[in-house]
Amino acid sequence: MKFVKINFNFSKNRSLLSESLELLSLLETESLLKIPKFKRFSEIKNQVNNTGTYWQTVDELSYGAKIAWRNSTRCIGRNYWQSLEVRDRRDLNNPHEIFDALVEHLELATNNGRIRPFMTVFRPQKPNHPGIRIWNEQLIRYAGYKQSDGFVIGDPKNIEFTKMVKQMGWKGAQGTPFDILPIVIQMPSQEPEMFELPPSVVLEVPIQHPEYPWFAELELKWHAVPLISNMMLDVGGIKYTAAPFNGWYMGTEIGSRNFGDKSRYNLLPIIAKKIHLNNFQNHRTLWIDRSLVELNIAVLYSFHQAGVTIVDHHTESYNFIKFEKKENSNQRTVYADWSWIVPPMSGSATPVFHRTYQNIELKPNFFYQPDPWLPYDSQYKSKSSCPFKFKL
């Protein structure tokens, strides 16, 4: 008889088995496990011993993904975790199929403006191998073009990614403040491939103001669906390196951060000038705060006028307190990263500001991954931390 030696890392196997058992126990506790725990664990143990990994059931994946949202310490919108719809696309094996699934995800999530939380999960990472990667931080992001005079047209956050896709042959660069970047998908141990999102599937909201007609003349806009595409979903020890997911926007994410941050579109000085707050050297005038409020009013008003789901930071803060109460009633402790949970505007006017939380990461959860495109970049690095300026 010929024996075949299977060389697996048994310490890693023990860790994987331990995490799988923890997941099964969690699902059992929450009455989400449809077969006896130890029967299922026996199946998992056999798979791990034979292959070094195991294939999760649809229920394990779906419930695990929802719980990952519930465990996300940086997310203020966890009150909706049970509404997440999980699409199992582990059957897809090439970047063209994955891109089609991403387009379908975007269409389903957009839902004519009535945004629905979705996650699409692709094939998990094999032990000791790279996984499928979507290079984009979010599926929809705007290009950033740094000019010779230091000005940036578009989103400064995406300058390096924009350079990278142009080097890869992207022809869609129009040089406007809101050019939608292409999608880059990389299968394990293969070269990345680039795809253009059809304009018809990207819903964008033109930004206007209920009191200032000149706001529309700035020609600002933002996309409707925040679809995170570069984080890893870790469920029961199985790592899904491509598991894009979305909720809907909280207004301050756009008004305060994307539009307001100095390192992003840096619009506060422009708004201040338009409303005749010209003394930028005197912080006592609170020109920053007043500009910030008008920007956020414009964002909320515009999304509402367009019929696109959005929530203000006060409402979402109270929703987080509701979530906390529900979790406590189920004997679960809510952990949170306070610096992320407190909104970036009027923080002390929200209830979450006045609470303290332990920042403990449970599993299942989402985790950041290194940018897969950085090794391809040997020609440039971001050299400046100075504020970029928005050039209209």
Side-chain angles (χ1 to χ4, degrees), residues 4-13 15-17 19-20 44 47-56 60-61 64-65 68 86-105 119-139 141 158 160-170 181-197 227-245 363-381:
V4 178
K5 182 180 179 181
I6 303 177
N7 186 22
F8 292 130
N9 187 320
F10 289 101
S11 64
K12 288 185 177 180
N13 283 1
S15 175
L16 180 57
L17 289 172
E19 290 197 47
S20 69
I44 291 173
Q47 287 187 47
V48 171
N49 288 337
N50 288 326
T51 67
T53 187
Y54 70 100
W55 192 261
Q56 293 179 328
E60 289 164 0
L61 175 57
V86 180
R87 304 169 68 232
D88 179 8
R89 299 316 314 267
R90 292 176 290 175
D91 58 312
L92 303 184
N93 290 307
N94 71 69
H96 296 272
E97 293 175 334
I98 289 175
F99 176 71
D100 289 342
L102 293 175
V103 170
E104 185 180 41
H105 178 144
M119 175 184 291
T120 300
V121 184
F122 299 108
R123 188 175 293 272
Q125 182 178 15
K126 292 181 179 180
N128 305 315
H129 288 82
I132 301 169
R133 292 299 306 272
I134 301 167
W135 284 19
N136 308 64
E137 177 202 19
Q138 290 193 26
L139 203 67
R141 277 299 196 195
N158 302 316
E160 292 189 3
F161 190 86
T162 302
K163 287 181 180 178
M164 178 61 65
V165 293
K166 287 180 71 175
Q167 289 177 2
M168 292 174 64
W170 181 44
L181 286 162
I183 309 304
V184 180
I185 299 170
Q186 186 173 25
M187 303 303 289
S189 303
Q190 296 181 20
E191 290 297 312
E193 296 193 35
M194 189 165 54
F195 303 85
E196 292 271 11
L197 283 170
L227 208 170
I228 308 298
S229 51
N230 69 342
M231 296 187 77
M232 177 185 67
L233 170 67
D234 191 330
V235 176
I238 301 299
K239 294 173 172 53
Y240 298 93
T241 53
F245 61 94
K363 287 187 177 182
N365 215 320
F366 302 100
F367 296 95
Y368 290 102
Q369 306 180 92
D371 290 324
W373 51 272
L374 285 178
Y376 288 77
D377 168 20
S378 59
Q379 300 181 38
Y380 55 86
K381 292 288 181 183

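Residue K239 places its NZ atom among more than 12 non-hydrogen atoms of other residues, nucleotides or ligands, all under 6.0 Å distant.
Distance check, rounded to the nearest 0.5 Å: CD1 of I134 to CD of Q369 gives 10.0 Å. Distance check, rounded to the nearest 0.5 Å: CG of D88 to CE of M119 gives 12.0 Å. Rounding to the nearest 0.5 Å places OH of Y240 at 12.0 Å from CD of Q125. Taking CG from L139 and CD1 from I228, the interatomic distance works out to 10.0 Å, rounded to the nearest 0.5 Å. We find the CD-CD1 distance between Q138 and I183 to be 10.5 Å, quoted to the nearest 0.5 Å.
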Going through the checks in order, is the side-chain contact (heavy atoms from CB on, under 4.5 Å) test met by T53 and V48? CA-CA 4 Å; T53 187; V48 171; 5.8 Å; no
Applying side-chain contact (heavy atoms from CB on, under 4.5 Å) to L102 and L227, what does each step give before you reach the verdict? CA-CA 10 Å; L102 293 175; L227 208 170; 5.7 Å; no
Evaluate the side-chain contact (heavy atoms from CB on, under 4.5 Å) criterion for residues V121 and L61: first the C-alpha distance (whole Å), next the side-chain angles of each, then the deciding distance (0.1 Å), finally the verdict. CA-CA 9 Å; V121 184; L61 175 57; 3.9 Å; yes
Between Q47 and W55, does the side-chain contact (heavy atoms from CB on, under 4.5 Å) criterion hold? Intermediate values first, please. CA-CA 8 Å; Q47 287 187 47; W55 192 261; 3.9 Å; yes
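E104 and R87 are joined by a salt bridge, as a carboxylate oxygen and a charged side-chain nitrogen come within less than 4.0 angstrom of each other.
Contact annotation: the side chain of E193 never approaches that of M187 to less than 4.5 Å [non-hydrogen atoms, C-beta and beyond]. Counting heavy atoms from C-beta on, the side chains of Y54 and I238 come closer than 4.5 Å. Contact check for D234 versus P364: no side-chain heavy atoms found under the 4.5 Å cut-off. M194 has its side chain out of reach of I185: every pair of non-hydrogen atoms, C-beta onward, lies at least 4.5 Å apart. Contact of the E196 side chain with the W170 side chain is registered, since non-hydrogen atoms from C-beta on lie closer than 4.5 Å. The shortest distance between side-chain heavy atoms of F245 and T120 does not fall below 4.5 Å. Inter-residue side-chain proximity for F161 and D371 is flagged as unmet; no heavy-atom pair is nearer than 4.5 Å. In this structure, E97 and D100 have side chains that are not in contact, with every pair of non-hydrogen atoms separated by 4.5 Å or more.
When every heavy atom of N136 is checked against every heavy atom of P182, the shortest pair comes out as ND2-O, 2.7 Å. In this structure, V235 and A65 approach most closely via the heavy-atom pair CG2-N, 4.2 Å. When all heavy atoms are compared, the tightest approach of P130 to P188 is O-CB, 3.4 Å. For the residue pair V184 and P192, the shortest heavy atom distance occurs at CG1-CB, 3.7 Å. Summarising the geometry of R141 relative to N158, their closest heavy-atom pair is CB-ND2, 3.8 Å, with the distance given to 0.1 Å. Considering every non-hydrogen atom in both G52 and P127, the closest pair reads O-CG, 3.5 Å.
Using a 3.5 Å distance cut-off with no hydrogens or angles, the side chains of R123 and N93 do pair a donor with an acceptor. There is a side-chain donor-acceptor pair under 3.5 Å between Q186 and W135.
Taking the six-membered ring where the residue is Trp, the centroids of F195 and H96 are separated by under 6.0 Å.
Checking side-chain atoms of H105 against main-chain N and O of V103 turns up no donor-acceptor pair under 3.5 Å.
With sequence neighbours excluded, no residue forms a ring-ring contact (aromatic ring centres under 6.0 Å, His included) with F122.
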